[in-house]
Amino acid sequence: MVDRFARFSLAIFEISRCWHRLAAEEMAAYGLKGAHAIYLTAMYRSGGGVTGPQLCELCGRDKSDVSRTVAILQEKGFVTKEGVNQSLYRGLLKLTEQGRAAAEQICRRASLAVELAGGDLSEEERTCFYRALESIAAHLRDISRDGLPRQ
């Protein structure tokens with residue numbers, strides 16, 4: 001059991017570390033940080049625009065992080081907010097043309113990274129892997145919300 005935990009933890013940490021390094025390299029071209037990539041890609045995938053609370057949910061981030069990041073993205077011209085007299089959480093956030101172009105490029109580069117990283121997996125292995133990963137994530141989300149059961 002401990003060996004499985006160690007293998008799982010080390011693999012997740014290594015994936016996260018590498019992913020953050022790649023994101024930082026890609027986002028540097030836009031004068032942004034790697035952490036901003038998730039916001040641009042989430043907004044791009046959402047299509048027409050999102051509210052602040054929707055962006056919190058899509059990115060798995062809290063309101064303060066979303067507020068700080070949206071302010072940076074607005075300042076740099078990647079995002080606009082419709083409903084000027086409304087707060088972040090009532091207005092609709094949309095990518096500008098610059099933001100859409102950056103998000104498209106980031107999505108292309110992320111797809112390439114994932115394709116190269118899993119290049120030796122068959123489609124069946126890939127399907128099984130993502131199903132297992134999503135299951136583990138959902139269960140860990142429940143456990144982190146409810147706490148570990150006492151034994």
Side-chain angles (χ1 to χ4, degrees), residues 5 7-118 121 123 126-150:
F5 170 75
R7 288 178 64 197
F8 174 80
S9 297
L10 290 173
I12 292 295
F13 289 137
E14 181 69 8
I15 290 168
S16 179
R17 187 175 65 82
C18 292
W19 190 254
H20 283 98
R21 184 182 310 133
L22 289 169
E25 288 173 11
E26 293 299 320
M27 296 307 290
Y30 302 102
L32 297 170
K33 297 185 184 224
H36 298 140
I38 191 159
Y39 291 95
L40 292 176
T41 58
M43 291 180 71
Y44 179 72
R45 287 191 316 267
S46 73
V50 295
T51 63
Q54 289 170 326
L55 196 54
C56 288
E57 191 68 28
L58 289 170
C59 297
R61 305 284 198 234
D62 63 32
K63 289 194 278 188
S64 63
D65 190 57
V66 169
S67 294
R68 282 189 303 273
T69 301
V70 166
I72 291 167
L73 294 174
Q74 282 181 292
E75 179 183 310
K76 293 191 177 256
F78 291 91
V79 172
T80 61
K81 182 182 70 163
E82 289 184 358
V84 176
N85 294 326
Q86 297 179 3
S87 71
L88 167 68
Y89 294 97
R90 299 183 98 181
L92 191 63
L93 301 167
K94 292 187 171 187
L95 292 173
T96 63
E97 285 304 315
Q98 176 186 357
R100 191 173 351 281
E104 287 172 355
Q105 176 67 8
I106 293 161
C107 285
R108 279 193 298 275
R109 299 289 291 166
S111 291
L112 175 61
V114 170
E115 186 64 33
L116 292 171
L121 299 175
E123 195 57 40
R126 191 173 285 121
T127 299
C128 183
F129 169 75
Y130 284 115
R131 185 173 50 242
L133 190 60
E134 289 164 355
S135 176
I136 290 168
H139 286 52
L140 285 174
R141 195 171 25 255
D142 292 344
I143 292 166
S144 69
R145 182 193 63 229
D146 301 339
L148 281 170
R150 297 284 174 207

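When a residue number appears, it is its place in the shown sequence, counting from 1.
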- Between Asp65 and Arg61, the two heavy atoms sitting closest are OD2-CD, 3.3 Å

- Message: Donor-acceptor pair, distance only, cut-off 3.5 Å: does the side chain of Lys76 make one with the backbone of Leu32?
- Response: no

- Message: Testing the basics here: between Leu55 and Leu93, what is the closest heavy-atom pair and its distance to 0.1 Å?
- Response: CD2-CD1, 4.0 Å

- Rounded distance (nearest 0.5 Å) linking atom OH of Tyr130 with atom CD of Glu134: 9.0 Å

- Message: Given 3.5 Å as the limit, does a donor-acceptor pair link the side chain of Thr69 with the main chain of Val66, or not?
- Response: no

- Before giving the answer on side-chain contact (heavy atoms from CB on, under 4.5 Å), spell out for Arg145 and Arg141 the whole-Å C-alpha distance, their side-chain angles and the decisive distance to 0.1 Å. CA-CA 6 Å; Arg145 182 193 63 229; Arg141 195 171 25 255; 5.8 Å; no

- Message: Can you tell me how far apart OG1 (Thr80) and CD (Gln98) are? Round to the nearest 0.5 Å.
- Response: 11.5 Å

- Message: Please check this pair: side chain of His36 against backbone of Lys33, looking for a donor-acceptor N/O pair closer than 3.5 Å.
- Response: yes

- Separation between OG1 (Thr41) and CG (Leu95), nearest 0.5 Å, reads 9.5 Å

- Task: State, to 0.1 Å, how close Leu92 and Gly49 come at their nearest heavy-atom pair, and which atoms those are.
- Result: CD1-C, 3.7 Å

- Message: Walk me through whether Phe8 and Ile136 qualify under side-chain contact (heavy atoms from CB on, under 4.5 Å).
- Response: CA-CA 11 Å; Phe8 174 80; Ile136 290 168; 3.7 Å; yes

- Item | Leu121 to Arg126 - nearest heavy-atom pair and separation | O-NH2, 3.5 Å

- Task: Inspect the surroundings of CZ in Arg109 and state if more than 12 heavy atoms from other residues, nucleotides or ligands are less than 6.0 Å away.
- Result: no

- Distance col, row Lys81:NZ vs Gln74:CD, nearest 0.5 angstrom, shows 6.5 Å

- Looking only at non-hydrogen atoms, find the nearest pair between Val50 and Met43 and report the distance. CG2-CG, 4.0 Å

- Item | Full working for side-chain contact (heavy atoms from CB on, under 4.5 Å) between Gln54 and Glu57 | CA-CA 5 Å; Gln54 289 170 326; Glu57 191 68 28; 5.6 Å; no

- Item | Heavy-atom donor-acceptor pair, Ser144 side chain to Leu140 backbone, under 3.5 Å | yes

- Item | Step-by-step side-chain contact (heavy atoms from CB on, under 4.5 Å) determination, Phe78 to Tyr39 | CA-CA 11 Å; Phe78 291 91; Tyr39 291 95; over 6 Å; no

- Item | Exercise: identify the closest heavy-atom pair between Ala102 and Leu40 | CB-CD1, 4.4 Å

- Task: Would you confirm whether Ser135, through its side chain, and Arg131, through its main-chain N or O, come within 3.5 Å as a donor-acceptor pair?
- Result: no

- Message: To the closest 0.5 Å, what do you measure between CG (Leu116) and OG (Ser111)?
- Response: 10.5 Å

- Just how far is it from atom CD of Glu26 to atom CG of Leu22, taken to the nearest 0.5 Å? 7.5 Å

